[in-house]
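Here is how names work: the chains are called A, B, and so on, in the same order as the sequence lines, proteins then strands, and each is numbered from 1. Predicted model only: the values in this text are computed from it and were never measured.
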Number of protein chains: 2
Amino acid sequence: MATALKVKAFDLGKQASSADVIYDAMRDAIIRGEIEEGEPLRQDTIAQMFNVSRIPVREAMQRLEAQGLVVSERYKGVVVASLSYDQITEIFQFRALVEPTVIEMAVPLMSDESLETAQQFCDAFAAETDPIRWGDLNRDFHNSLYRDSDKAFFLSMIDKTNDLVERYVRLVLYLTQGMRYAVQEHQAILDACKARKPKLAADLTRNHIDTASKTLVSYLREHHK
Amino acid sequence: MATALKVKAFDLGKQASSADVIYDAMRDAIIRGEIEEGEPLRQDTIAQMFNVSRIPVREAMQRLEAQGLVVSERYKGVVVASLSYDQITEIFQFRALVEPTVIEMAVPLMSDESLETAQQFCDAFAAETDPIRWGDLNRDFHNSLYRDSDKAFFLSMIDKTNDLVERYVRLVLYLTQGMRYAVQEHQAILDACKARKPKLAADLTRNHIDTASKTLVSYLREHHK
DNA sequence: ATATTGTAGATTGGATCCGATTATGCAAAC
DNA sequence: GTTTGCATAATCGGATCCAATCTACAATAT
C-alpha cells in the first residue's frame, strides 16, 4: 500500500463549464433585478453574449428553471419568473421559520473570526451609500452568522429563498434608502450572538424577518407597478 | 368575441419534452433505490434506453443535479448522490421543523374529502404487503395532510426532502417490514386533524419524524454496508 | 370594419458530428 | 512483482444542422 501523502495537493477547483458560467451570470442578472419580470430570455441572444452555441445556454436554463428563477413553456422559451405578494409572503414565512433555527444552532459554534466578519459586514452595510451594494452586504451579513451552524442543507434552503426574493429586497432597500433601522436590528442580532445567547438571537432574527416582510410587501403594493 | 365553447377542451397539459420524460424517469429510478449510490449514469446508455440523442439526457442531468439527486464532475459524468448519516440526520431535522408547521396551517383548511383521502392512504398503508408500495403510500398519506395548507413553497421544500431521503426510507421500511408501529402514529395524526386540533397534529407529526429519523439512522448503521 | 386564413420568419427541441478530456489496457523498465 | 509510459477506446462538452412549433402580419372573406 502506498504511503500516505503529506502534501495535500491543492484542490484546483474544477474549471467551470460554459453552462456553469452562463448559469451563474444569468442567475446574478435575474436576482439583481437587471432583467424585468416576465422578460423572455432568448437562447440565441444569450448564446451570442457569451460567444457559445445554444446548447450550454439551454442547459443553464434547465437549472434556472429548477431553481425557480425562470419559467419555461415548450416551444415558447423561458421568461423571468415573477412572484405574487402571496408567494413573497409565504417565502418570508418560511424564512421566519428556518433562519431563527439556524442561527440558534450556529451561536454556540461561532468563532471569533466569524463574529468579527459579521461586524464588518454590519458596519459596511451601515456605511454604504451605493444602493447596488446594499443587497449584497445585507445577504453577506446574515450568511456570515449562519455559516458556522455547519448545516449545509439548511443553508442551501436559505440561499434558495434569498435568490427568489432578492430582486424585491433590493428594490425596497432602494426605495427606503437602505432601511436604516435595519442596521440597528442587525447590530442587536450580532450582539446577541457575541453574548452567546442563542434563543435571543433567534427571536431577534424572527422579528427582523417579520418586519422586513411587512415593510417589503407594503412598499411593493404602493410603489411597484 | 367568439362564443364561449361549451366543451372544455381538455387542458392537454402541455406535452412533456424528452428532457422532462427522462428527468421524471431517472428521478423515480433514483429515489426508489433502483440504482446504486455512486453508480455512474452514462449519457449514451440512457439516450439509447429512451431512443433519443444525448442532448435531452444532459438537460435532464442538469436538473437532477440541481435537485441534489446526482453529482457531476466535468468530463467524468454524473453519479447517483449518496448521503452521509449526518446529512440524513440534518434533512430529518429540517423536516421536523417544517412539516409540523405545515400541518398546523393545514388543519383549519382541511376538507372532509382530504381527510377521507388521508384515511384511505393510511388504511392502504396498514394493509399493504408489497414492500415496493410502502414508500409511495407513506408519502401519499403525509402529502394528503399537507396539501390543503395551500403553501406551495413549503410543499415544494417538503417534496425535495422526500426525494433526497426516499431511498433510505424505503430501505428501512423494507428492513422493518413496514414499520408497523408507524401506522398507529399515522392514525393518531389523522385523528388530531379530524378533531381540528392543529397544535396536537403538529406535535404528533414532529414526534413521528423524530422517531422515524432515529429508527432510520440506527437501522442504516446496522445493516447498510 | 371585423373575423378568418395563410404564409414567412423567428424560435425552440432534438439529432448528428467533432474536438477535448479521461479511463483502460498492455508492454517496457525497474 | 510493481510501477511507468504510452496508445487506444470510452466518454463528455460543445458546435452545427434540421425539424417542429409558434408568432406576426398580410390577404381574403363575411
Side-chain angles (χ1 to χ4, degrees), chain A residues 1-5 7 9-27 30 35-36 38-66 69-81, chain B residues 1-5 7 9-27 30 35-36 38-66 69-81:
Chain A
M1 171 193 148
T3 60
L5 286 181
V7 292
F10 44 156
D11 204 11
L12 56 129
K14 52 201 76 172
Q15 54 181 332
S17 69
S18 295
D20 289 332
V21 174
I22 295 167
Y23 172 79
D24 288 339
M26 296 308 299
R27 168 183 167 280
I30 292 172
I35 316 179
E36 288 288 315
E39 188 165 325
L41 302 179
R42 297 293 165 207
Q43 296 177 5
D44 271 327
T45 312
I46 298 171
Q48 285 165 17
M49 292 195 319
F50 291 90
N51 276 313
V52 295
S53 77
R54 282 164 40 222
I55 300 291
V57 175
R58 278 156 53 180
E59 291 178 357
M61 294 299 146
Q62 296 284 342
R63 279 197 270 172
L64 288 174
E65 188 184 12
L69 295 174
V70 303
V71 294
S72 87
E73 217 168 336
R74 194 172 156 91
Y75 291 121
K76 290 187 181 173
V78 309
V79 301
V80 176
Chain B
M1 170 193 148
T3 60
L5 286 180
V7 291
F10 40 163
D11 198 11
L12 49 132
K14 51 203 76 169
Q15 52 182 334
S17 70
S18 296
D20 290 333
V21 174
I22 296 167
Y23 173 79
D24 287 340
M26 296 308 299
R27 168 183 166 280
I30 292 171
I35 316 179
E36 288 288 317
E39 189 165 326
L41 302 180
R42 297 293 166 207
Q43 295 177 4
D44 273 327
T45 312
I46 298 171
Q48 285 165 15
M49 291 196 317
F50 291 90
N51 276 314
V52 295
S53 77
R54 282 163 40 219
I55 299 290
V57 176
R58 278 155 53 180
E59 291 178 358
M61 294 299 147
Q62 296 284 342
R63 280 197 269 173
L64 288 174
E65 189 184 13
L69 295 174
V70 303
V71 294
S72 88
E73 216 168 337
R74 193 172 155 91
Y75 293 120
K76 291 187 181 173
V78 309
V79 301
V80 177

Taken to the nearest whole Å, CD/B:E73 to C1'/D:dC12 is 13 Å
Separation of C:dT12 atom P from B:D20 atom CG, nearest Å, is 16 Å
Atom OH of B:Y75 and atom P of C:dT21 are separated, to the nearest Å, by 5 Å
query: Any side-chain heavy-atom pair from B:E65 and B:V78 closer than 4.5 angstrom?
result: no
To the nearest angstrom, the NZ-C1' distance between B:K76 and D:dT11 comes to 13 Å
Closest non-hydrogen atoms of B:P56 and B:S18, given as atom of the first, atom of the second and distance, are CB-CB, 3.8 Å
Exactly one of A:I22, A:L69, A:V71 clears side chain to side chain contact (heavy atoms under 4.5 Å, CB included) with A:L64, and that residue is A:L69
Note: contacts of residues 40-61 of chain A with DNA chain C (heavy atom, under 4.0 Å) are A:L41, A:R42, A:Q43, A:R54, A:I55, A:R58
Hits for salt bridge (charged side-chain N to carboxylate O under 4.0 Å, His left out) against B:D20, two or more places apart or cross-chain, chain-then-number order -> B:R63
With a 4.5 Å heavy-atom cut-off, do B:V52 and B:V21 have their side chains touching?
no
To the nearest angstrom, the OH-P distance between A:Y23 and D:dG14 comes to 16 Å
How about B:I55 and B:R58: do any of their side-chain heavy atoms sit closer than 4.5 Å? yes
